Participant: 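Take a look at the following structure, please.
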2 protein chains.
Amino acid sequence: MPAATGHEVLAAVLQVRADELQVLLWQRGMDPDRGRWALPGGALGADEDVEESVRRQLAEKVDVRGVTHVEQLGVFSAPHRVPGVRLVATAFLGLVPSDVDPAVPPDTAWHPVDRLPATAFDHAEIVEDARERLRAKLSYTNLGFALAPREFTVSALRDLYVAALGHPVSATNLQRVLTRRGVLAATGETAAPGPAGGRPAAVFRFTERALRVTDASAVLRPPGVRDSAGE
Amino acid sequence: MPAATGHEVLAAVLQVRADELQVLLWQRGMDPDRGRWALPGGALGADEDVEESVRRQLAEKVDVRGVTHVEQLGVFSAPHRVPGVRLVATAFLGLVPSDVDPAVPPDTAWHPVDRLPATAFDHAEIVEDARERLRAKLSYTNLGFALAPREFTVSALRDLYVAALGHPVSATNLQRVLTRRGVLAATGETAAPGPAGGRPAAVFRFTERALRVTDASAVLRPPGVRDSAGE
DNA sequence: GGGTGTTTTCGCCTGTTGGTCGAAAACAGG
DNA sequence: CCTGTTTTCGACCAACAGGCGAAAACACCC
């Protein structure tokens, strides 16, 4: 009696390329929406949950080792979001560090989230949700690790934040804030200066490459429990 | 070709009752999991999205006007989370103000989230997710409005936060923080003192009864843009 | 080799926020 | 009128983020 309901997973995979936040899309070769650009994904398999499914489907488009972070965005379930069939989608956000350039099939390409091509179904809406989720989480988590190479300079990290957030970020502040949160650590090495000279930049690394929420957002925290201010 | 996949919606409706955070559950009268307690919900209809569906299903259990806030928690999709059938669930968090006591069917009752009875399927996990989401959002949003009556004293609001957060909260701080964020406003009236006397408490109100995120969480904000500190 | 320009780094200052504490205000009851 | 209770308010302090400018460390050119 409940209508036969299919379930698909979709992934908005984001990466900063050429100082712009871009998303991985593939061009549909079949109707409906032939020629329009769609998010990677596909039908949920019988013996997998949605997390396993999205990783499996992504593996068909890119080298999954490049995708350092995957998290659930939400459910998109408008009755006619896909014409003809009843299809509920679980959308995901995926992040790729800026130093890798995974090989992709010929029908697949990166597009700046600011200038999307004609998109299929409700996928533009999903990309917008992914972008906002990224923006919010960059502020109060260490999610930057998923966009950055293993090692980087503060200015390189600053450029990533500028591209992802869409507004200027002070390098001074970025370093101080992240250091105080205890997620940044200097490696002791320095990078070679650019062609115009300049002081060699110190090389940093994220202390952990797993998502951690900053307690700074824990307003109204229990009494007596103060931040350790970076052990 | 994809296995016939059913889709259901489930709601973890939370309310502070008797100084404890409680969740609305109903006792299953049929197998599987007969006798165990389950979250309200049901199959997704053909002509509704999951948001519409959860409100419709909730209306069958409680007076929906009492539920002041509903938001998506996430998808639960373990292949055998419900024995026998393939059922994917979209879980929701619902909040009810502490001053209403909606009528519920005979098989339905409130249970403290700290002492859940035997629960059906993976519903205990969903309740735990709902509770953590509430805890997190109380800190950096004005979500308290959804747990509180339209008008209240600071100590009453403090008791709600204590019950929901599970740790002591300073009344002084709560008032100052919420006022500075611009979400609290004094009505000018005072409440009658308790039986033991004491100074009459001032009555407050939330300035808006819609979810708003505090910009305080927007660390690394654009330069020059400072908080208006409550106009 | 010294000056110039560039890039990064570091320290200081400021405004805001949240946590703590204690005093004062406003009530009931004896 | 005195005591006990509850609420309210102000003062103080530590932590934090943003802004700014000086100093450090390099490349290039004359």
Side-chain angles (χ1 to χ4, degrees), chain A residues 138-140 152-159 161-162 165 167-204 214-231, chain B residues 138-140 152-159 161-162 165 167-204 214-231:
Chain A
L138 276 183
S139 297
Y140 63 93
F152 48 85
T153 68
V154 173
S155 358
L157 188 63
R158 185 189 93 105
D159 291 342
Y161 272 73
V162 168
L165 293 175
H167 64 73
V169 172
S170 150
T172 300
N173 242 331
L174 182 64
Q175 175 177 359
R176 192 158 33 89
V177 168
L178 293 185
T179 303
R180 185 145 44 194
R181 287 180 184 171
V183 300
L184 261 199
T187 63
E189 302 169 35
T190 59
R199 176 171 174 169
V203 176
F204 286 83
T214 305
D215 1 353
S217 74
V219 175
L220 300 173
R221 61 170 71 86
V225 185
R226 283 293 201 160
D227 296 1
S228 53
E231 53 208 285
Chain B
L138 276 183
S139 297
Y140 62 92
F152 48 85
T153 67
V154 172
S155 357
L157 188 63
R158 186 189 92 104
D159 292 342
Y161 272 74
V162 168
L165 293 175
H167 65 73
V169 173
S170 151
T172 300
N173 242 331
L174 183 63
Q175 175 178 356
R176 190 160 38 88
V177 168
L178 293 186
T179 303
R180 187 146 44 192
R181 286 181 185 170
V183 299
L184 262 198
T187 63
E189 302 169 36
T190 60
R199 175 170 174 169
V203 175
F204 286 82
T214 305
D215 359 354
S217 75
V219 174
L220 300 175
R221 62 171 72 86
V225 185
R226 284 294 202 163
D227 296 0
S228 53
E231 50 208 288

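Bear in mind that the values here come from a model prediction, so they are computed numbers and not experimental data. Within every chain, numbering begins at 1; the chains are lettered A, B, ... in the order of the sequence lines, protein sequences first and strands thereafter.
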Participant: Could you tell me how far apart Arg158(A) (CZ) and dT7(C) (P) are, to the nearest whole angstrom?
Facilitator: 11 Å
Participant: To the nearest Å, how far apart are Arg176(B) CZ and dT16(C) P?
Facilitator: 14 Å
Participant: Ignoring the backbone of Ala202(A), work out which of dT8(D), dT9(C), dA17(D) is nearest its side chain.
Facilitator: dT9(C)
Participant: Which atom names give the shortest non-hydrogen contact between Val154(A) and Ala171(A), and what distance separates them?
Facilitator: CG1-O, 3.8 Å
Participant: Separation of Leu178(A) atom CG from dC10(C) atom P, in whole Å?
Facilitator: 15 Å
Participant: Is the base of dA15(D) touched by the side chain of Arg180(A) through a donor-acceptor pair closer than 3.5 angstrom?
Facilitator: no
Participant: Given atom CD of Glu189(B) and atom C1' of dA26(C), what is their separation to the nearest angstrom?
Facilitator: 18 Å
Participant: Rounding to a whole Å, what distance do you find between Phe152(A):CZ and dT8(C):P?
Facilitator: 14 Å
Participant: For Ala171(A), answer base if it contacts any base atom (sugar-phosphate contacts may also be present), sugar-phosphate if it contacts only those atoms, and nothing otherwise; contact means non-hydrogen atoms under 4.0 Å.
Facilitator: nothing
Participant: Nearest heavy-atom pair of Phe204(B) and Gln175(B): which atoms, and what distance?
Facilitator: CZ-NE2, 3.4 Å
Participant: Please tell me which of the listed nucleotides, dT7(D), dT5(D), dT20(C), lies nearest to the side chain of Ser170(B)?
Facilitator: dT20(C)
Participant: Could you pick out which residue, Gly197(A) or Gly198(B), lies toward the 5' side of DNA chain C when each is mapped onto its nearest nucleotide?
Facilitator: Gly197(A)
Participant: What's the separation between atom CZ in Arg158(A) and atom CG in Asn173(A), rounded to the nearest 0.5 Å?
Facilitator: 11.5 Å
Participant: CG of Leu157(A) versus C1' of dT8(C): gap in Å, rounded?
Facilitator: 14 Å
Participant: Give the minimum heavy-atom separation between Leu174(A) and Val169(A), together with the two atoms involved.
Facilitator: CB-CG1, 4.2 Å
Participant: Of the nucleotides dC20(D), dC26(D), dG19(C), which one has an atom closest to the side chain of Asn173(B)?
Facilitator: dG19(C)
Participant: Of the options dA17(D), dT5(D), dC10(C), whose atoms approach the side-chain atoms of Thr172(A) most closely?
Facilitator: dC10(C)
Participant: Atom CZ of Arg199(A) to atom P of dC26(D): distance rounded to whole Å?
Facilitator: 8 Å
Participant: Quick one: closest heavy-atom pair of Val203(A) and Ala191(A), and the distance?
Facilitator: CG2-N, 3.7 Å
Participant: To the nearest angstrom, how far is Arg181(B) atom CZ from dT16(C) atom P?
Facilitator: 17 Å
Participant: Output the single nucleotide from dA17(D), dG18(C), dC26(D) whose closest atom is nearest the side chain of Val177(A).
Facilitator: dA17(D)
Participant: Can you check whether Gln175(A) has a side-chain N or O nearer than 4.0 Å to OP1 or OP2 of dT8(C)?
Facilitator: no
